[in-house]
Protein chains: 2
Amino acid sequence: MGFTVEMTPAIAEKLVTLNELHRNRWRPDIVNLLLETDTLRFGELKKQLGITQKVLTENLKWLEENQIVIRTVYPEVPPRVEYSLTEIGKELRDVHEAMRIWADYYVTHAK
Amino acid sequence: MGFTVEMTPAIAEKLVTLNELHRNRWRPDIVNLLLETDTLRFGELKKQLGITQKVLTENLKWLEENQIVIRTVYPEVPPRVEYSLTEIGKELRDVHEAMRIWADYYVTHAK
DNA sequence: CAGAATCCACGTAGATACTG
DNA sequence: CAGTATCTACGTGGATTCTG
């Protein structure tokens, strides 16, 4: 990298959002899984993550409210609800990639 | 970006380290401050962050153990202890930069 | 199937007092 | 100055039960 993004109050606010995302136990895992799999039903997310229904619901709701995840309800019985990333959510790939690069640097430079 | 770093067990382990860093309330703030200021005494960190002694000590110890921060003790009375980032710690700048870029994208694309 | 509601367990932060 | 040692408070996750 090497360049710098200017810091405005609006950007600072979204950095807070990003902090709230990463401070959570499951939110990064949910995003990672959706980055890999694109679209998943509630039950699939639950099974693949090994997470509780309550906690999964709470965090999906938070991710939706913060425009990172899209929730699509199909009017069927039994109900079918699918989750996928918004464009903003998909942009998190670069953040995760930066993290992997850092981890790689760590491995090659740690004493 | 666009390229991908291969994922090894060692890299995965350091991603866990990075997660533990970001899940904490103060660790990212400590790193950010040291990225800006390079070297700071214990008391300066405490004052500028508005953090408790106990919590600051705990987290500096964790950061030191994980080779992100270097602790330098000067044999003086009263004691003087300075903290700065290791090379690994300084590499976190790219992660924070990726976060700022994401936040900027968010601001310009949110509905 | 996809939740909502309740109760409990645990980790981490805050406040305070003490010290080489 | 730069810590250590306690005790308390609170947020978040886990387990369980119930439902349209």
Side-chain angles (χ1 to χ4, degrees), chain A residues 15-34 37-66 68-86 89, chain B residues 15-34 37-66 68-86 89:
Chain A
L15 280 176
V16 171
T17 300
L18 192 50
N19 287 338
E20 288 174 2
L21 193 162
H22 283 114
R23 280 208 65 182
N24 183 274
R25 163 68 242 265
W26 291 106
R27 257 111 85 162
D29 289 348
I30 295 170
V31 170
N32 265 326
L33 189 52
L34 289 175
T37 321
D38 199 68
T39 299
L40 284 169
R41 298 183 62 167
F42 182 85
E44 271 302 310
L45 281 164
K46 181 177 179 314
K47 190 169 76 175
Q48 296 203 35
L49 291 170
I51 185 180
T52 305
Q53 283 175 340
K54 190 200 79 169
V55 179
L56 179 57
T57 302
E58 286 171 355
N59 290 319
L60 284 172
K61 186 173 297 179
W62 185 91
L63 288 166
E64 190 193 1
E65 288 170 354
N66 286 276
I68 292 163
V69 155
I70 285 184
R71 190 177 108 116
T72 310
V73 183
Y74 295 89
E76 306 173 357
V77 179
R80 182 165 121 245
V81 182
E82 290 187 347
Y83 292 88
S84 57
L85 294 175
T86 62
Chain B
L15 281 176
V16 171
T17 300
L18 192 49
N19 287 339
E20 288 173 3
L21 193 162
H22 283 115
R23 281 208 67 183
N24 183 275
R25 164 68 243 264
W26 291 106
R27 258 111 84 162
D29 289 349
I30 295 170
V31 171
N32 265 326
L33 189 52
L34 288 175
T37 321
D38 198 68
T39 299
L40 283 170
R41 298 183 62 167
F42 183 86
E44 271 302 310
L45 281 164
K46 182 178 178 314
K47 190 168 75 175
Q48 296 203 35
L49 292 169
I51 185 180
T52 305
Q53 284 176 338
K54 190 201 79 169
V55 179
L56 179 57
T57 303
E58 286 171 355
N59 290 317
L60 284 173
K61 186 174 297 182
W62 185 93
L63 288 166
E64 189 192 2
E65 288 169 354
N66 285 276
I68 292 163
V69 154
I70 285 184
R71 189 178 111 114
T72 309
V73 182
Y74 295 89
E76 305 173 358
V77 180
R80 181 164 123 245
V81 181
E82 291 187 346
Y83 293 89
S84 57
L85 294 175
T86 62

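Proteins get letters first, then strands, A, B, ... in listed order; numbering begins at 1 in each.
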- Message: Let's see if you can work this out: which of C:dG3, C:dT12, D:dG13 has an atom nearest to the side-chain heavy atoms of A:Arg25?
- Response: D:dG13
- B:Asn59 has an atom CG; how far is it from atom P of D:dT4, in whole Å? 13 Å
- Message: In whole Å, I'd like the distance from the CD atom of A:Gln53 to the C1' atom of C:dC1.
- Response: 9 Å
- Item | Whole-Å distance separating the NZ atom of A:Lys46 from the P atom of D:dG13 | 15 Å
- To the nearest Å, how far apart are B:Arg41 CZ and D:dG3 P? 10 Å
- Task: Quick one: label B:Arg71 by what it contacts on the DNA or RNA (base, sugar-phosphate, nothing), any heavy atom closer than 4.0 Å.
- Result: sugar-phosphate
- Just how far, in rounded Å, is C1' of D:dT6 from CD of B:Glu58? 12 Å
- Query: Using a cut-off of 4.0 Å on non-hydrogen atoms, how would the nucleic acid contact of B:Tyr74 be classed: base, sugar-phosphate, or nothing?
  - Reply: nothing
- Just how far is it from atom OG1 of A:Thr17 to atom CD1 of A:Ile68, taken to the nearest 0.5 Å? 7.0 Å
- Roughly how many Å is it from CG in A:Asn24 to P in C:dT12, rounded to a whole number? 14 Å
- To the nearest angstrom, the CG-C1' distance between A:Leu40 and C:dA2 comes to 15 Å
- Task: Kindly say whether, by distance alone, the side chain of B:Lys54 makes a donor-acceptor pair under 3.5 Å with the base of D:dG3?
- Result: no
- Answer yes when A:Glu44 and A:Lys47 have at least one side-chain N-carboxylate O distance shorter than 4.0 Å, and no when they do not. yes
- Task: Using atom CD of A:Glu82 as one end and atom P of C:dG3 as the other, report the distance to the nearest whole Å.
- Result: 12 Å
- Pair B:Leu34-B:Leu45, side-chain contact (heavy atoms from CB on, under 4.5 Å): steps then yes or no: CA-CA 9 Å; B:Leu34 288 175; B:Leu45 281 164; 4.3 Å; yes
- B:Val81 side-chain proximity, nearest of C:dC1, C:dG14, D:dG3: D:dG3
- If you check the A:Thr52 side chain, which of C:dG14, C:dT12, D:dA15 turns out closest? D:dA15
- A:Leu85 side chain near A:Leu63 side chain, heavy-atom distance below 4.5 Å: no
- side-chain contact (heavy atoms from CB on, under 4.5 Å) between B:Leu56 and B:Ile30, worked out: CA-CA 9 Å; B:Leu56 179 57; B:Ile30 295 170; 3.9 Å; yes
- Task: For B:Lys47, answer base if it contacts any base atom (sugar-phosphate contacts may also be present), sugar-phosphate if it contacts only those atoms, and nothing otherwise; contact means non-hydrogen atoms under 4.0 Å.
- Result: nothing
- A:Lys61, nearest nucleotide to its side chain (from C:dA2, D:dA2, C:dA4): C:dA4
- Message: Below the 4.0 Å mark, does D:dG14 have OP1 or OP2 next to a side-chain nitrogen or oxygen of A:Trp26?
- Response: yes
